[in-house]
2 protein chains.
Amino acid sequence: MQQPIDLPSHSDEIPSELGGLRLTKQRKVVYGVLLDLRDHPTAQDVFLRAKERMPSISLATVYNCLEALVVHKLVKQVNFDRSPSRYCPNLEEHVHFQDEATGEIHDVIFKKGVKLEDLLDLPQGVEVRELELTLKGLMPSSNQ
Amino acid sequence: MQQPIDLPSHSDEIPSELGGLRLTKQRKVVYGVLLDLRDHPTAQDVFLRAKERMPSISLATVYNCLEALVVHKLVKQVNFDRSPSRYCPNLEEHVHFQDEATGEIHDVIFKKGVKLEDLLDLPQGVEVRELELTLKGLMPSSNQ
DNA sequence: GAAGGAATTGGAATGATTCCAAGTCCACTC
DNA sequence: GAGTGGACTTGGAATCATTCCAATTCCTTC
Ligand SMILES: [Mn+2]
Ligand SMILES: [Mn+2]
Ligand SMILES: [Zn+2]
Ligand SMILES: [Zn+2]
């Protein structure tokens, strides 16, 4: 059960790939789920939502699709401690804040012009390839 | 098999507690393992090293001790993605850098005077309770 | 030195994720 | 427009770090 794009292949209006990723029906459903409600769902959450759109989809496929989307950098995998991974389609550089009152995860962006070197005492010459910053705390409103 | 401190209880020179944590033989062994080689070992690593000092210690106890040390803030639990947690006895505020060439994890401290608010566009009034920052990349020396 | 509560222990259970082998599907070729 | 090959999907089993549990062992206190 694999179907890359539902358009005539001679069309060049809609890509059958996205960032080098072949867009199968299942991958489109999974990606669509993430784009439609950007609440940082777990794989299980995505699975339940995807099933509404494609009842035949399997959990294994959801994991496969999420993995493919992450590898191709269309989606970020977000980890808070060792709880189930969450998935985020926001491609802007950003970090994650979890409201301890509601459990909700919010995107937070860096201020303009901030550089890592200004922040951290990194050893001379290190090349930072990946950065993950997670925050927990309370939002003003959730503060009763 | 639980033994808080090996000193007469009337002595007040060495605490039988540390940060409110009862120091049993096992907890001292586990904490000692972390202090002696600060290479951010996993629970499994700690277990193997602890067994050299106390062959009877169990993995469950190592997990229990690490948990207790973390709750009492004598040790930080460090997570890189979903790999096994690592443990760090460095109480200074710091973040973690993993050298992708060697796998080694290094402590990195913030520059003096850096404030989160200077860095991030946090919504007005949020109270940040926890911050975890992990980096991956290459050290200059490991660069060939 | 008995009692009670906390800590330790071995082993079973958990649960997110990964693995696997079988079945599908599709893009391409002839 | 059938045939092929390779990628993708799927259900179920396996993995494995971590947690749970019930029994036992240890202090600490009375
Ligand atoms: Mn964390
Ligand atoms: Mn990470
Ligand atoms: Zn996000
Ligand atoms: Zn550290």
Side-chain angles (χ1 to χ4, degrees), chain A residues 1-12 15-18 20-31 40-48 50-51 53-72 75 77-87, chain B residues 1-11 15-18 20-31 40-48 50-51 53-72 77-87:
Chain A
M1 293 183 186
Q2 160 260 148
Q3 315 84 339
I5 209 75
D6 48 3
L7 287 182
S9 61
H10 50 69
S11 164
D12 56 357
S16 67
E17 306 196 343
L18 193 46
L21 178 71
R22 301 171 59 113
L23 281 186
T24 64
K25 271 184 192 161
Q26 288 83 353
R27 286 173 181 171
K28 278 199 270 187
V29 166
V30 167
Y31 193 38
H40 302 88
T42 63
Q44 190 63 224
D45 295 332
V46 173
F47 175 50
L48 293 177
K51 265 204 299 198
R53 306 179 184 195
M54 181 186 279
S56 64
I57 200 170
S58 73
L59 179 58
T61 295
V62 169
Y63 272 104
N64 288 339
C65 292
L66 290 171
E67 158 83 2
L69 290 165
V70 168
V71 165
H72 289 265
V75 167
Q77 185 171 1
V78 179
N79 296 301
F80 276 85
D81 303 311
R82 296 194 54 78
S83 57
S85 287
R86 296 169 173 278
Y87 296 87
Chain B
M1 294 186 186
Q2 160 257 150
Q3 316 86 337
I5 208 77
D6 49 2
L7 287 182
S9 60
H10 51 70
S11 165
S16 67
E17 305 197 343
L18 193 45
L21 179 71
R22 300 172 63 98
L23 281 186
T24 64
K25 272 185 192 162
Q26 287 84 353
R27 286 174 182 171
K28 279 198 270 188
V29 166
V30 166
Y31 192 38
H40 302 89
T42 64
Q44 190 62 224
D45 296 332
V46 173
F47 175 51
L48 294 177
K51 265 203 300 197
R53 305 178 184 194
M54 181 186 279
S56 64
I57 200 170
S58 73
L59 180 58
T61 295
V62 169
Y63 272 104
N64 289 339
C65 293
L66 290 171
E67 159 83 1
L69 291 165
V70 168
V71 165
H72 289 266
Q77 184 170 2
V78 179
N79 295 301
F80 275 86
D81 303 312
R82 296 195 54 79
S83 57
S85 288
R86 296 168 174 277
Y87 297 87

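Residue numbering restarts at 1 for every chain, and letters A, B, ... go by the order of the sequence lines.
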Please classify the nucleic acid contact of B/Ser85 as base, sugar-phosphate, or nothing, using heavy-atom distances under 4.0 Å.
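Touches sugar-phosphate only.
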
State which residue, out of A/Leu69, A/Val30, A/Val70, A/Val78, fulfils the side chain to side chain contact (heavy atoms under 4.5 Å, CB included) condition with A/Tyr87.
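Option passing the side chain to side chain contact (heavy atoms under 4.5 Å, CB included) with A/Tyr87: A/Val70.
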
Using whole Å, report how far [atom1] of [X] lies from [atom2] of [N].
| X | N | atom1 | atom2 | answer |
| --- | --- | --- | --- | --- |
| A/Phe47 | C/dA16 | CZ | P | 13 Å |
| A/Tyr63 | C/dC19 | OH | P | 13 Å |
| B/Leu66 | D/dA17 | CG | C1' | 13 Å |
| A/Lys51 | D/dT9 | NZ | P | 17 Å |
| A/Glu67 | C/dC20 | CD | P | 15 Å |
| B/Arg22 | D/dT28 | CZ | P | 6 Å |
| A/Leu23 | C/dC25 | CG | C1' | 16 Å |
| A/Leu69 | D/dT9 | CG | P | 10 Å |

Please give me the minimum heavy-atom distance between B/Ile57 and B/Phe47, naming the atom from each residue.
O-CE1, 3.4 Å

Nearest heavy-atom neighbours spanning B/Arg27 and B/Arg22:
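Heavy atoms only, the tightest pair is NH1-O, 2.9 Å.
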
Taking side-chain contact (heavy atoms from CB on, under 4.5 Å) as the definition, give me every residue that meets it alongside B/Tyr63, ordered by chain and number, with sequence neighbours left out.
B/Ala43, B/Leu59

Find every protein N or O atom lying less than 3.5 Å from an N or O atom of nucleotides 14-16 of chain D, and list the pairs.
none

Under-4.0 Å side-chain N/O to phosphate OP1/OP2 contact, [X] with [N]:
| X | N | result |
| --- | --- | --- |
| B/Arg82 | D/dA17 | no |
| B/Thr24 | C/dT8 | yes |
| A/Gln26 | D/dT10 | yes |
| B/Arg27 | C/dA7 | yes |
| B/Thr61 | C/dT9 | yes |

Pairwise 5' ranking along DNA chain C for A/Asn64 and A/Ala43, keeping only the more 5' one
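Here A/Ala43 is the residue nearer the 5' end.
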
Suppose we screen for side chain to side chain donor-acceptor pair (under 3.5 Å). Which residues come up paired with A/Thr42, at least two apart in sequence or across chains?
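Applying side chain to side chain donor-acceptor pair (under 3.5 Å) to A/Thr42 gives A/Asp45.
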
Residues which pass side chain to side chain donor-acceptor pair (under 3.5 Å) with A/Ser85, listed by chain and number, not counting sequence neighbours
A/Gln77, A/Asn79

Can you tell me how far apart CZ (B/Arg86) and CD (B/Gln44) are? Round to the nearest 0.5 Å.
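Going from CZ on B/Arg86 over to CD on B/Gln44, the span is 12.0 Å.
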
From D/dT10, D/dA7, C/dT9, nucleotide with atom closest to A/Ile57 side chain
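Taking heavy atoms from C-beta onward, the closest nucleotide is D/dT10.
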
